[in-house]
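For reference, the structure discussed in these notes is given below.
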Amino acid sequence: MKVDRQRLRSLKGIKWSKYGPDVIPAWVADMDFLPSPRILSEIQKIVDLGDFGYRYHDVDLLIPAWCEWVEESHGWLPPADECRVFTSSMNALEAVMLLHTEPGDGVVLFSPIYMPFRAAIEQAGRTVVDVQLQGPDWKFEANSFKDSLDSKTRVVLFCQPHNPTGHIYTKEEINDFAEIVAEHDLIVISDEIWADLVFEGNKHLSLFPNHDKLRNRTVTIGSASKAFNLAGARCCVAHVGSASTRSHLEKYPDHYFGLPSSFGSAATVAAWKYGKSWLQDAKEQIQHNRDYIYSRILEDPSGLTMHLPESTYLGWLDFSNTSLSHQPSKELLYKAQIALEPGDKFGEQCGSFARLNFATGIDIVEELLERMLTALNR
Ligand SMILES: Cc1ncc(COP(=O)(O)O)c(C=O)c1O
């Protein structure tokens with residue numbers, strides 16, 4: 001998949017507009033690929049007709065489209081009558097977290113983690129229960145999870161596949177996790193919006209169908225935003241497997257948690273109904289980029305390391321044994337004109353890491369790596 005640099009430089013989205021023209025942006029998790037033609041044409045139809053009236057019935061298209069997509073792609077069928085539409089994934093996650101907690105209650109996250117999880121807990125006056133994952137493979141560790149829990153812990157924010165490490169928790173890790181959450185009667189919010197971006201030889205495992213003890217306590221969040229490059233379209237579907245969450249949600253008026261716009265709905269339905277071959281092309285490009293980055297880093301003398309991600313389009317780079325071990329992203333912005341996401345945003349223990357977004361053309365990946373490794377070896 002090719003990318004058009006002129007188009008990218010003219011975009012108004014934050015990825016390409018935040019820094020000047022000399023900087024290659026590889027920070028926020030947006031792709032550089034043009035979305036699929038079918039998505040563009042569905043949105044164009046709305047524009048051409050000026051069809052901006054109410055479309056509440058889009059919910060009746062979105063939910064079945066997601067359920068069928070999940071069944072075909074991930075092997076389980078979310079019951080449609082237990083699903084709900086939200087404006088975005090963070091909207092769904094925060095709504096469910098707030099319904100199950102009071103100020104001061106504990107909410108678990110596994111760090112390093114996508115930074116808005118921590119902000120969501122803190123801004124709501126809940127207590128962050130930070131369970132630190134350990135590199136290089138970032139596996140779930142039952143004892144540290146168990147030791148972090150107390151009688152005030154209510155909710156776990158889970159991210160499968162995991163941003164930023166690209167780890168996919170295995171069946172064994174899920175089993176250990178399920179036993180502990182059941183013992184402590186916790187609600188699990190499983191953010192699975194990276195599920196469709198899994199590399200060859202790996203498989204996404206949704207939490208809900210993979211353990212009996214997770215069934216009545218898990219809310220699964222799905223979205224086309226990452227796999228189909230639609231983050232600005234704003235749309236999310238969640239399967240609310242927990243009966244208590246469903247009854248909490250039913251007590252709120254219809255508009256309380258928001259809905260997607262016509263554009264978000266149309267783009268998302270088109271992605272799930274017609275997007276398979278576009279997604280396959282995008283995945284091939286991303287896989288090629290991942291393998292290129294991994295092998296370049298492996299053979300480079302700078303001391304830089306990257307655990308091979310099993311999913312996502314994110315490289316979690318460890319600079320601790322390099323000449324730029326302190327605030328590497330800040331140094332690299334200055335010394336190499338590349339914008340990575342700073343590691344300490346994902347966890348206080350991650351100051352010597354940075355996250356690299358490689359969902360772009362190979363020419364940009366090559367230039368970015370060249371700049372980064374030259375700066376590291378200078
Ligand atoms: C794990 C994870 N959850 C949620 C989001 C944000 O999704 P949304 O824009 O739908 O709220 C992201 C964005 O990168 C993400 O990586």
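Bear in mind that the values here come from a model prediction, so they are computed numbers and not experimental data. We count ligands from 1, going down the list as the structure has it; atoms in each ligand are counted the same way.
Per-residue contacts place I193 under 4.0 angstrom from the following atoms of ligand 1 (heavy atoms of the residue considered): 2 (C), 3 (N), 4 (C), 5 (C), 7 (O), 12 (C), 15 (C). Ligand-side atoms of ligand 1 in range of M90: 11 (O), range being under 4.0 angstrom from any heavy atom. Those atoms of ligand 1 that come under 4.0 Å of a heavy atom in K226, given as number and element, are 13 (C), 14 (O).
Using 4.0 Å as the threshold, C159 has a heavy atom nearer than that to some atom of ligand 1.
Sparse packing is recorded around CD of E200, with 12 or fewer heavy atoms of other residues, nucleotides or ligands lying under 6.0 Å away.
Cluster annotation: Y313 and V365 are assigned to the same hydrophobic cluster (Ile/Leu/Val/Met/Phe/Trp/Tyr, side-chain heavy-atom contacts under 4.5 Å, transitive). There is no path of hydrophobic side-chain contacts, each under 4.5 Å, that joins L205 to V70.
In this structure, the protein non-hydrogen atom closest to atom 8 (P) of ligand 1 is S89 N, 3.7 Å. Shortest contact from atom 6 (C) of ligand 1 to any protein heavy atom: Y114 OH, 3.2 Å.
Here the closest heavy-atom approach between residue P25 and residue K15 is recorded as CB-O, 3.1 Å.
Between R234 and ligand 1, a contact under 3.5 Å exists for at least one N or O pair.
Selection from D191, N91, N163, V28 by nearest heavy atom to atom 2 (C) of ligand 1 gives D191.
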Decide yes or no on salt bridge (charged side-chain N to carboxylate O under 4.0 Å, His left out) for D130 and R118, but give the supporting numbers first. CA-CA 9 Å; D130 186 342; R118 185 181 303 274; 3.0 Å; yes
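Salt bridge status for R154 with D105: present, with a side-chain N to carboxylate O gap under 4.0 Å.
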